[in-house]
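Just below is one structure, and these are the notes that go with it.
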Amino acid sequence: MNLGRIFTIATNVFWEVIRDRILYLIGFFALLLIMALRLLPEVSAGTENKILLDVGLAGITALSLIIAVFVGTGLVNKEIEKRTVLVLIAKPMSRAEFIIGKHLGLSAVLAVLLSLMTAIYLGVLTWAQIQYPLVSILVAVLYLFLELSLITAAAILFGVFTSSLLATLLTFAVYLVGHFSRDLVTLGNLASSPDLRRLTKGIYLFLPDLARLDLKNEAVYGVLAAPRELLLNAGYGLVYTVLLLAIAILIFTRRQF
């Protein structure tokens with residue numbers, strides 16, 4: 001494992017994604033916030049401040065998720081489809097370095113994207129003289145980055161052995177089910193069928209519990225979990241990301257080109 005080669009791959013991915021005009025989304029996000037700021041007082045019946053806090057965090061999440069899924073699924077898959085992977089793996093570079101470098105490069109893009117959108121979000125709130133819980137919002141954004149890093153690892157994993165379309169659908173499925181996996185367990189416990197209970201528990205254990213990393217609702221009210229719980233949830237996200245990348249590396253290593 002050579003850190004220099006990993007850094008080179010990550011840097012190339014970072015600038016390649018940036019050149020795809022991904023940062024135009026930041027302008028779209030700013031426009032969305034300004035429109036919400038102007039329109040919400042007309043329809044919110046005096047709760048526009050709370051709604052704007054929700055809309056801003058939801059917009060950051062949605063736009064970042066689109067990048068993580070659509071770009072992440074193509075990071076390795078497009079190299080395979082275009083056969084450029086043959087040139088890359090012929091160089092003195094391990095397949096593990098290739099996967100890790102791709103993940104770190106896109107994670108760096110997401111970090112920049114989240115930082116800029118959060119700065120715009122807080123700037124608009126300050127300009128509109130809306131009070132907001134700064135610390136809880138920053139913590140929520142940090143955990144959103146951990147969640148997106150996990151989703152990026154899942155996107156790369158599916159992109160290693162499936163088509164871009166199927167990888168995209170599977171990654172979105174992981175995101176959706178990951179946020180509702182606790183509800184599935186609750187539903188299974190209410191069911192009379194033991195098979196259904198086992199199925200829902202299996203889904204919960206197999207797929208990531210993304211609700212651990214979703215702190216948006218708490219952030220709006222300025223509520224944070226205990227430090228120990230926050231650390232455990234962060235560790236959960238990091239361990240699951242490493243596990244997904246390890247599986248992706250294993251599958252990619254066994255593929256023949």
Positive for side chain to side chain contact (heavy atoms under 4.5 Å, CB included) with Ile99, one of Val76, Ile6, Ile251
Val76
For Asp209, all residues meeting salt bridge (charged side-chain N to carboxylate O under 4.0 Å, His left out), sequence neighbours excluded
Arg182, Arg212
May I have the step-by-step check of side-chain contact (heavy atoms from CB on, under 4.5 Å) for Met117 and Ile120, ending in yes or no?
CA-CA 5 Å; Met117 287 195 294; Ile120 293 172; 5.5 Å; no
Mind listing the closest non-hydrogen atom pair of Ala155 and Gly72 along with its distance?
CB-C, 3.7 Å
Minimum heavy-atom separation for Gly56 to Leu33, with atom names?
CA-CD2, 3.8 Å
CA sep, side-chain torsions, deciding dist, call: Tyr175, Phe180, ring-ring contact (aromatic ring centres under 6.0 Å, His included)
CA-CA 9 Å; Tyr175 178 82; Phe180 295 103; 9.0 Å; no
Using the ring of each side chain (for Trp, its six-membered ring), is Phe158 parallel, tilted or perpendicular to Phe161, with breaks at 30° and 60°?
perpendicular
Do any N or O atoms from the side chain of Tyr143 and from the backbone of Gly237 form a donor-acceptor pair under 3.5 angstrom?
no
Is there a side-chain contact between Ile137 and Tyr132, using heavy atoms and a 4.5 Å cut-off?
yes
Tell me the side-chain hydrogen bond (donor to acceptor under 3.5 Å, both in side chains) pairs involving residues 55-72, sequence neighbours left out?
none
To the nearest 0.5 Å, what is the distance between CG (Asn217) and CG (Leu53)?
11.5 Å
Between atom CD1 of Ile156 and atom NE2 of His103, what is the distance when rounded to the nearest 0.5 Å?
5.5 Å
Any chance you could pull the hydrophobic cluster mates of Met35, using side-chain heavy atoms under 4.5 angstrom and chaining through other members?
Leu31
Apply the test side-chain contact (heavy atoms from CB on, under 4.5 Å) to residues Val124 and Ile130: give CA-CA distance (whole Å), side-chain angles for both, the deciding distance (0.1 Å), then the verdict.
CA-CA 9 Å; Val124 169; Ile130 297 174; over 6 Å; no
Quick one: list whatever passes side chain to side chain donor-acceptor pair (under 3.5 Å) with Glu16, sequence neighbours left out.
Lys78
Could I get the full list of side chain to side chain donor-acceptor pair (under 3.5 Å) partners for Thr152, not counting sequence neighbours?
none
Non-hydrogen side-chain atoms of Pro208 and Val174 separated by less than 4.5 Å
yes
Taking the six-membered ring for Trp and the single ring otherwise, decide whether the centroids of Tyr24 and Phe28 are under 6.0 Å apart.
no
Would you mind reporting whether Leu122 and Leu138 have side-chain heavy atoms less than 4.5 Å apart?
yes
At what distance, to the nearest 0.5 angstrom, does CG of Leu213 lie from CG of Leu146?
6.0 Å
Find the distance between CG (Leu250) and CG (Leu245) and round it off to the nearest 0.5 Å.
12.5 Å
Taking atom CG of Leu3 and atom CG of Leu104, what is their separation to the nearest 0.5 Å?
10.0 Å
How are the rings of Phe252 and Phe98 set relative to one another: parallel (under 30°), tilted (30 to 60°) or perpendicular (over 60°)?
parallel
For Thr171, the side chain to side chain donor-acceptor pair (under 3.5 Å) test, sequence neighbours excluded, returns none
Check: Tyr221/Ser136 side-chain N/O donor and acceptor closer than 3.5 Å
no
What's the separation between atom CG in Leu106 and atom CD1 in Ile67, rounded to the nearest 0.5 Å?
8.5 Å
Are any non-hydrogen side-chain atoms of His179 and Asp214 less than 4.5 angstrom apart?
yes
